Colleague: 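Input: one structure, supplied below.
To find a chain, count down the sequence lines: A is the first, B the second, and so on, and within it residues start at 1. This one's a predicted model, so the numbers in the text were calculated from it and none came from an experiment.
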Number of protein chains: 4
Amino acid sequence: MATLTLTQANTIISAAFKHAEKLSLAPLTVVVLDPGGHMIALQRQDGSSILRCEIATGKAFGALALGLGSRKVSAMAIERPHFLEGLSGVSGGRIVPVPGGVLVRDSEGAIIGAVGITGDTSDNDEACAIAGIEAADLTADGG
Amino acid sequence: MATLTLTQANTIISAAFKHAEKLSLAPLTVVVLDPGGHMIALQRQDGSSILRCEIATGKAFGALALGLGSRKVSAMAIERPHFLEGLSGVSGGRIVPVPGGVLVRDSEGAIIGAVGITGDTSDNDEACAIAGIEAADLTADGG
Amino acid sequence: MATLTLTQANTIISAAFKHAEKLSLAPLTVVVLDPGGHMIALQRQDGSSILRCEIATGKAFGALALGLGSRKVSAMAIERPHFLEGLSGVSGGRIVPVPGGVLVRDSEGAIIGAVGITGDTSDNDEACAIAGIEAADLTADGG
Amino acid sequence: MATLTLTQANTIISAAFKHAEKLSLAPLTVVVLDPGGHMIALQRQDGSSILRCEIATGKAFGALALGLGSRKVSAMAIERPHFLEGLSGVSGGRIVPVPGGVLVRDSEGAIIGAVGITGDTSDNDEACAIAGIEAADLTADGG
């Protein structure tokens, strides 16, 4: 298995929304990227604001960029803001360094994609990403 | 009615894929944008190449940009390449001027979003967009 | 097999240079990208001019962007210059639509990377890419 | 001597990888730039994440940009973040201000290129760059 399929991506998104509903979260945007950082699927719930697609994608892309869940990217950004500024520059401004960008690994540990969620608190966003990935019988690595 | 809902966007995408399957088309990428040009939903089928999200979005964004289906944007680009060059510039390189970007109108004719499809011929891409929009009981305006 | 390894990429580059030497070509730049468009390896021969890295990468990226060898991307650009202009825009100016960007496929036909070469004529560039890929026992798809 | 040759660049990369193997480091990406900041050679080891080419290049480019090893660029960024912000802007977002970008000097002290490495800790990245440069009988200037 090299990349998530569209079917798996849709399963992840549905399960993430179901988890959010159970927790009565604010409207979310969920994106699933392939290992190269290209979108497989995205859904923005009614009422989720207009930059949410870019934010969700920036969390997931940041995770893939460094091979680390975005919770770790966030910690690096706090510790070394100058490194994050450099990263942001060389990525063309594509990284959002806060929790909610979660790597998807297959049973051997290989990265097969990433999920990014935004709309509620970063911790809740991340919890929904993990719930979605696990519902697809895959391994979540939030950082 | 001011904008497509996520439910409507998902209906459009599913119906577009169903139409493509009936015609045995190549793998497609389908995006649905709100009237402000922001993504509501996107799905890229397995095997659809890595720039397809940007291409589908560029068709739909071009349609919204001018308030014209991308078939008309395409005609303008052929007739007046200097206009397209200017448009491309002022949009930050966000317009793909070929058929397959279709406006979605409500029963009063107001624009409530746009659908962009890429992966097969531009004509087939557009036909799937129209089929998807009509399956959601909305009005398609391909240009 | 999901992506070319670094070892395979290095084999491709060495074999491409060997082919070029046999044909007494001008100094070349050769790049190998993974299926997501990210660089695995690049070598620029002494005397190859300063934008050659970007040109080689633009050929290979264009092939991956559309899932077509860059000879076909080139044909599309000639036939429909407005489409290429749109593509160039949505890719952030990353596509060079001339022969010399060759897809690498595994034995099942899946895309596992792309090779881009520039420095001599486009036809010679492409011939070296194909020679390199075949020396690594992989399938070349120039378009 | 005005610039590193491709042969020297390849020697540097091989020696850097050998040093990393001896220290059992994480997968690395190594780039060698000419004095104008243009790539001569790059190799990304299997498992090195997708933005590593840009990060390695950003370290080496930052060193050339100021004529200082990136350890000194890093110190400046920490002391005067507003200066780094300006630098990032005027460079078009091409600078990553952390150790691991090392200038290559000839026997007279002239800058003939730069090496950038990323993948392990910044200190280990830099040590591999220095080892690579010294293996090519050249002088390393990490900052």
Colleague: Tell me the closest heavy-atom pair linking D:Ile40 and C:Leu42, and the distance in Å.
Modeller: O-CD2, 3.7 Å
Colleague: Which pair of heavy atoms, one from C:Asp46 and one from D:Leu6, lies closest together, and at what distance?
Modeller: OD1-N, 2.8 Å
Colleague: When you compare the side chain of D:Met39 with that of C:Met39, does any pair of heavy atoms fall below 4.5 Å?
Modeller: yes
Colleague: Using every non-hydrogen atom in the two residues, find where C:Arg44 and D:His38 come nearest and quote the distance to one decimal.
Modeller: NH2-O, 3.3 Å
